[in-house]
Amino acid sequence: MDLRHKPVLLQQVIGSLALEPGLVYLDGTMGSAGHYSAVVSRLVPGGIAIGIDRDQSAIERAQARVDELQLTEVEMRLVHAEFAELERVVYEVGLEHVDRVLLDLGLSSDQLDDPGRGFSFLHDGPLDMRQDRSQALTAEVVVNDYPADRLEQILRDYGDERHSHRIVRAIVDARDRGRIEGTLELASLIEEAVPGRRGKSHPATRSFQAIRMEVGGEVRQLEEGIRQAVELLSDAGRLAVITFHSLEDRIVKRTLRPYGRHGGRRDWQVNMLGRVIEPDEEEVRGNPRSRSAKLRVYEKRLMTGDAR
Ligand SMILES: C[S@@+](CC[C@H](N)C(=O)[O-])C[C@H]1O[C@@H](n2cnc3c(N)ncnc32)[C@H](O)[C@@H]1O
């Protein structure tokens with residue numbers, strides 16, 4: 001199979017999830033099944049592996065890939081859903097607990113590199129940015145129909161964009177002339193609006209990230225997905241999260257804090273195991289998109305001794 005996406009921190013994910021035959025694994029961001037297919041073969045015999053993605057084309061790629069594995073002694077369920085509804089997915093499979101959960105956040109290379117999906121400011125495409133193409137909200141609506149103050153706040157909050165005011169002024173001026181429809185049109189508007197010298201990244205990087213996060217409801221998805229995951233984890237269950245920027249980092253830490261040893265819970269806790277894991281130089285050389293990745297692994301422990 002021709003797969004563009006290289007799974008990030010693969011060996012580290014496999015090692016830190018302490019995989020064993022018979023475990024129940026849930027991959028909330030299955031993508032092209034890079035991590036999923038490596039994990040699933042370690043659950044044989046008797047394991048169950050649920051793979052979720054909100055992009056139907058990822059489900060199809062993943063299905064083709066797992067078919068190639070020809071594994072029979074493990075149950076695989078691939079589900080088109082959002083990870084903010086992972087509790088429902090798990091119950092529908094007939095389970096009440098999961099032992100391992102992985103969230104590998106953001107975009108896959110298959111999504112980013114397809115101009116028709118509208119995620120990239122390097123190729124021309126429609127302003128779309130939906131991972132789930134059945135949802136109504138697109139980047140075109142955010143850019144053209146959102147009030148200026150809301151748009152500015154999105155660029156600031158989700159992109160840490162300090163030129164949000166100038167950028168939104170340029171967008172609003174352009175809107176007077178007609179709807180903004182293409183990724184390159186938006187990228188060049190932003191480029192012209194941002195003053196001064198070029199940094200290391202393209203001037204549209206932060207705005208595109210922010211708009212994508214709004215379209216995907218990513219903050220709510222992440223908060224909700226983490227909450228449901230930790231509720232569902234069995235005793236000694238593990239949650240691994242790979243983040244790619246500081247806002248994702250903050251949300252993960254903030255959402256998990258109340259479950260930690262200082263959170264005041266008595267029945268169970270979820271604490272981070274070890275340190276944050278980052279790719280080594282060799283991985284970054286082979287896969288530049290891994291450069292900002294951070295892996296955090298958390299473990300749930302029942303405090304009563306009443307193991308599930
Ligand atoms: C970085 S890729 C995962 C790649 C995968 N781990 C692999 O190795 O092939 C992220 C995937 O998560 C999906 N995704 C992002 N947010 C999601 C959400 N809230 N619910 C379900 N899937 C989501 C995207 O559609 C994308 O396919």
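Whatever order the structure lists ligands and atoms in, that order sets their numbers, starting from 1. What you see is a predicted model, and the numbers here were worked out from it, not measured in a lab.
Checked by distance only, ligand 1 and Gln131 come closer than 3.5 Å through their nitrogen or oxygen atoms. At least one N or O atom of Asp104 sits closer than 3.5 Å to an N or O atom of ligand 1. Polar contact with ligand 1: present for Ser32 (N/O pair, distance under 3.5 Å). Checking only distances, Leu105 never comes within under 3.5 Å of ligand 1, N or O to N or O.
At the shortest separation from atom 23 (C) of ligand 1 among protein heavy atoms lies Arg54 CG, 3.8 Å. Protein heavy atom in closest approach to atom 20 (N) of ligand 1: Phe83 N, 2.9 Å. Here the protein heavy atom with the shortest distance to atom 7 (C) of ligand 1 is Gly34 N, 3.4 Å. Counting protein heavy atoms only, atom 12 (O) of ligand 1 is closest to Thr29 CB, 3.2 Å. Ranking protein heavy atoms by distance to atom 5 (C) of ligand 1, first place goes to Met30 O, 3.4 Å.
Neither the backbone nor the side chain of Ala84 has a heavy atom within less than 4.0 Å of ligand 1. Contact annotation for Ala81 and ligand 1: only backbone heavy atoms (N, CA, C, O) come within less than 4.0 Å of the ligand.
Side-chain contact, Asn144 with Glu140: a donor N or O sits under 3.5 Å from an acceptor N or O. A donor-acceptor contact closer than 3.5 angstrom links the side chains of Arg61 and Ser32. A side-chain N or O of Ser234 and one of Asp99 form a donor-acceptor pair less than 3.5 Å apart. A donor atom on one side chain and an acceptor atom on the other are not found under 3.5 Å apart for Gln153 and Tyr158. Gln111 and Asp55 form a side-chain donor-acceptor contact under 3.5 Å, judged by distance and modelled atom types alone.
Residue Asp53 holds the heavy atom nearest to atom 26 (C) of ligand 1 of all those in Asp55, Asp53, Val39. For atom 19 (N) of ligand 1, the nearest non-hydrogen atom from the set Gln221, Arg130, Gln56 belongs to Gln221.
Looking at Arg156 and Glu152, a side-chain N of the basic residue comes within less than 4.0 Å of a carboxylate O on the acidic one, giving a salt bridge. Looking at Arg254 and Asp249, no side-chain N of the basic residue comes within less than 4.0 Å of a carboxylate O on the acidic one, giving no salt bridge. Ion pair Arg65/Asp67 not flagged as a salt bridge, since none of the NZ, NE, NH1 or NH2 atoms sits closer than 4.0 Å to an Asp/Glu carboxylate oxygen.
Each of the following atoms of ligand 1 lies closer than 4.0 Å to a heavy atom of Leu107: 1 (C), 2 (S). Numbered from 1 in the order shown, with element, the atoms of ligand 1 that lie under 4.0 Å from a heavy atom of Gly28 read 21 (C), 22 (N). Of all atoms in ligand 1, numbered sequentially from 1 with element shown, those under 4.0 Å from a heavy atom of Pro7 are 8 (O). For ligand 1, the atoms sitting less than 4.0 Å from at least one non-hydrogen atom of His5 are 1 (C), 4 (C), 7 (C), 8 (O), 9 (O), numbered in the order shown with element in parentheses.
Screening Val215, Thr29, Asp53, Leu107 for a side-chain contact (heavy atoms from CB on, under 4.5 Å) involving Gln131 leaves a single residue, Leu107.
Ser246 and Asp160 get closest at one heavy-atom pair: OG-OD2, 3.9 Å.
The side-chain heavy atoms of Ile242 and Val13, taken from C-beta on, include a pair separated by under 4.5 Å.
For Gln111, the closest heavy-atom approach to ligand 1 falls below 4.0 Å. The shortest heavy-atom distance from Gly106 to ligand 1 is under 4.0 Å.
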